[in-house]
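Written out below as structure tokens is the structure these notes cover.
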Amino acid sequence: MMSESRTTVALFATCINDVMFPDTPKATVLLLERLGCRVEFPEAQSCCGQMFTNTGYYKEALGSVRSFVTAFAGYDYIVSPSPSCLGSVREQHPMLAEWAGDKGLWREVEAVVARSYELTEFLVDVLGLTDVGAYFPHKVTYHPTCHSLRVAKIGDRPQRLLRQVKGLTLVPLPDAEQCCGFGGTFSLKNPDVSTSMAAEKARNVTSTGAEYLVTDNPCRLNIGGVLARSKSGIKTIHLAEVLAETEGGAR
Amino acid sequence: MTATDLGMPGSSRRTPAPPAGRLIDSPPFPVAAKQYLADSQLRANLHHATSTIRAKRARVTAELPNWEQLRLAGEAVKDRVARHLDYYLEELEQNLTANGAHVHWAADAAEANQIVVDLVRAKGVDEVVKVKSMVTQEIELNEALEAAGIAAWETDLAELIVQLGHDRPSHILVPAIHRNRAEVREIFLREMKLYGRAAPDSLDDEPRHLAAAARQHLRDKFLRAKVGISGANFMVAETGTLVVVESEGNGRMCLTLPETLISVTGIEKVIPTAADLEVFLQLLPRSSTGERMNPYTSMWSGVRPGDGPQEVHVVLVDNGRSRVLADPIGRKALRCIRCSACMNICPVYERVGGHAYGSVYPGPIGAILTPQLRGTAAAIDRSLPFASTLCGACAEVCPVRIPIPDLLVHLRHRVVDERKRSHLGLEQALMKGGGWVMASGPRFGLLERAGGLVQRVTGREAVGPLPWPASLWTRARDLPLPPEQTFRQWWRANRDPLCHPERSEGSLRDDEATTVTSVTSASAEAAAE
């Protein structure tokens, strides 16, 4: 593939991935490069601000909205492996700019949002791929996060990509579309309800007999925390990390 | 509290006493939720009931090819009503009056209750029969009537179970959802004899036997009643018509047998035309009971000589609704047609039930409606907007497309803003600091280097139980520690064109990339300098 014709992608890594799950943005970089893209990481980026917004702190979230437009203004393709954070950018950044009464910011936000893609949207819709040449010889189950389904609305793209992974067996997760109980600060403000929901999700995951649970990282922190505490032996992994695996480099 | 000290004939009360205390004084949601989570019987009842009704709703909404168009139409009609509420209410009043009904306006619960008490007293009776109605629960009409020496009998089966059980409803459609049939049998055997016809001694917990006992118990009351009290699901402005949809036929009895009918309704229930019912009579039953059509739809337009009630009153209740209407975002909650699909799908509601919400309106709709109707002065009302994971399942099933998660966030912001004005707490300080850090990528990059230190110092990848406040998370889940190298550091060490100009063009081989995880953060930082 010729470097001149390569698509340049700006990676929105997200703060939680940057610090807690760096393997996910790394895998995203490797995957996109393998598929012929040139990846850039604008260092002005920080966070989607969702934790502030969803806890009711609009003013505190505005800095994140501004840093996002600053970081990504010049790019045609902004791609994030996190449907939750990307969903927040899409749905909440325009609302916050409107709330702040900042028309200029609102216009910038709208322009950037229109060029923002969740990773599976970029792979399936822009690159036109469901087979990305991945190899992952394991039995996995997939938890579609609430924000991937109902905010970012990425549909069944993750499952379509997973089904094309060589060696991978995808087993259905009972009550897959029910929330895992994370909910950001909900897990701290309503710890008992959150724990009860996480426990049920973990029970359902365990019932599948899968080796790996594939899900987005905020929920992975929650469900994975329960699975680890109960010594279930089930590992958790982000979809990008599965798709980045190739024959020869298998786990 | 027992039945004997509160409900016996001869005591000053006419009807079974509800639990002591006011709903608005309920403990904050997380405290109440913890208590109800521990009730395994409640959990089992709720899980069974909500999962059954969820499945039914999903089936009957999926079979309509124009379901989304119906939802859009419902949303549009309700939004139009909100924009022109004054106009439609006056049109309604005019047409109701022309039809021979008397229209009364009540600014709040106290006014509404007084109007009803005065109307019942004027008829010289000391008991009324009631059709299931949310707004009369909201204004606590039964207790206002009781205080005036008037017995109000609930005639909906589940409302009867709740009333006889000295209890409060925990769901807007199935108020006794928290009870199983064994509990219902015990309530009937213990209480019915105190307030009218006793349940047969041989009563078992077969649902049809329980229903038969209720039917017998209520029959005397229906035939005796001179005054019926109802709410309304819809009020048609164009024709001056009130509409009640129900499943049991008890509503039809209350609406047709007594000489006087008093209908108490929230002002947001008005719809412009009879043709709009085409939309709502499809949306409501499919969303609420999961039926294609509800068994009974009653419509009445004032008084018709020789047919049905000869005196009809309509009490239009504001009770906070105008205040909700004043907020263009918050007013979307007024679209609600009380179907209960949101609570049936809510994983939080399913675990704790309706009583944890300290509100007549529980579940997701209650969490956005109650703090708007009652305000946010009480601890329970400040906690309600946070009683959700924002999973969005509620908005997906709402027949009038109320964006419930957006409204929850909107009300969280309101609560936080009000708190900010009064004091600066730890949460505010953390959020303020966090907001400052996240406003700048480089600032965040500096801070996150500290994160990797934890693992380097402790030598562990995850931690188990920790003391408070970390215990909120770690008592049930392990917490992974941040890896030594952040992504930002990895990027600088391996991809940054300023540090690696040779890599800015041309692709990396995969095996080359896998080696980067072994780069220590010390050297990564050195590379970044």
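These values consider heavy atoms only, across backbone and side chains, with no hydrogens, waters or symmetry-generated copies. In the text below, chain A, chain B and the rest are named by the order of the sequence lines, each starting its count at 1.
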Less than 4.5 Å apart, any side-chain heavy atom of [X] and any of [Y]?
{"X": "B:P405", "Y": "A:R150", "answer": "no"}
{"X": "A:K26", "Y": "B:Q485", "answer": "yes"}
{"X": "A:D18", "Y": "B:F444", "answer": "yes"}
{"X": "B:R495", "Y": "A:V29", "answer": "yes"}
{"X": "A:L221", "Y": "B:W473", "answer": "yes"}
{"X": "A:T185", "Y": "B:M431", "answer": "yes"}
{"X": "B:H413", "Y": "A:Y57", "answer": "no"}

Nearest non-hydrogen partners of [X] and [Y], listed with the distance:
{"X": "B:W491", "Y": "A:V39", "value": "CH2-O, 3.3 Å"}
{"X": "B:V348", "Y": "A:V193", "value": "CG1-CG1, 4.0 Å"}
{"X": "A:T195", "Y": "B:R477", "value": "N-NH2, 3.8 Å"}
{"X": "B:P483", "Y": "A:M20", "value": "CD-O, 3.4 Å"}
{"X": "B:P347", "Y": "A:C179", "value": "CG-CB, 4.1 Å"}

Which bit of [X] comes within less than 4.5 Å of chain A, counting heavy atoms only: side chain, backbone, both or neither?
{"X": "B:E350", "answer": "side chain"}
{"X": "B:R488", "answer": "both"}
{"X": "B:P465", "answer": "both"}
{"X": "B:R43", "answer": "side chain"}

Where do A:E60 and B:W436 land on the side-chain contact (heavy atoms from CB on, under 4.5 Å) test, with the steps shown first?
CA-CA 7 Å; A:E60 289 74 4; B:W436 180 79; over 6 Å; no
Kindly determine whether A:D192 and B:R475 satisfy side-chain contact (heavy atoms from CB on, under 4.5 Å), including the steps that lead there.
CA-CA 10 Å; A:D192 299 286; B:R475 65 190 169 188; 3.4 Å; yes
Chain B heavy atoms under 4.5 Å from [X]: which part of the residue, side chain, backbone, both or neither?
{"X": "A:I223", "result": "neither"}
{"X": "A:T145", "result": "neither"}
{"X": "A:T53", "result": "both"}
{"X": "A:C15", "result": "both"}

So does [X] have more than 12 non-hydrogen atoms from other groups sitting under 6.0 Å from [atom1]?
{"X": "B:K420", "atom1": "NZ", "answer": "yes"}
{"X": "B:E461", "atom1": "CD", "answer": "no"}
{"X": "A:E177", "atom1": "CD", "answer": "no"}

Contact winner vs chain A - [options], heavy-atom pairs under 4.5 Å:
{"options": "B:P480, B:G435, B:P385, B:S471", "result": "B:G435"}
{"options": "B:D406, B:L481, B:L37, B:L479", "result": "B:L37"}
{"options": "B:R443, B:Q428, B:K432, B:E427", "result": "B:E427"}

Salt bridge check, A:E43 against B:R492: does any charged N sit closer than 4.0 Å to a carboxylate O?
yes
Is a side-chain N or O of A:R229 found less than 3.5 angstrom from the main chain of B:T474, in a donor-acceptor match?
yes
Among the options A:P42, A:G63, A:G183, pick out the one with the most heavy-atom pairs lying under 4.5 Å from chain B.
A:G63
Do any of residues 386-393 of chain B come closer than 4.5 Å to chain A, heavy atom to heavy atom, and if so which ones, in number order?
B:F386, B:A387, B:S388, B:T389, B:L390, B:C391, B:G392, B:A393
Start with the C-alpha gap between A:F41 and B:F487, add the side-chain angles, then the distance that decides, and say whether ring-ring contact (aromatic ring centres under 6.0 Å, His included) holds.
CA-CA 10 Å; A:F41 174 74; B:F487 173 73; 5.0 Å; yes
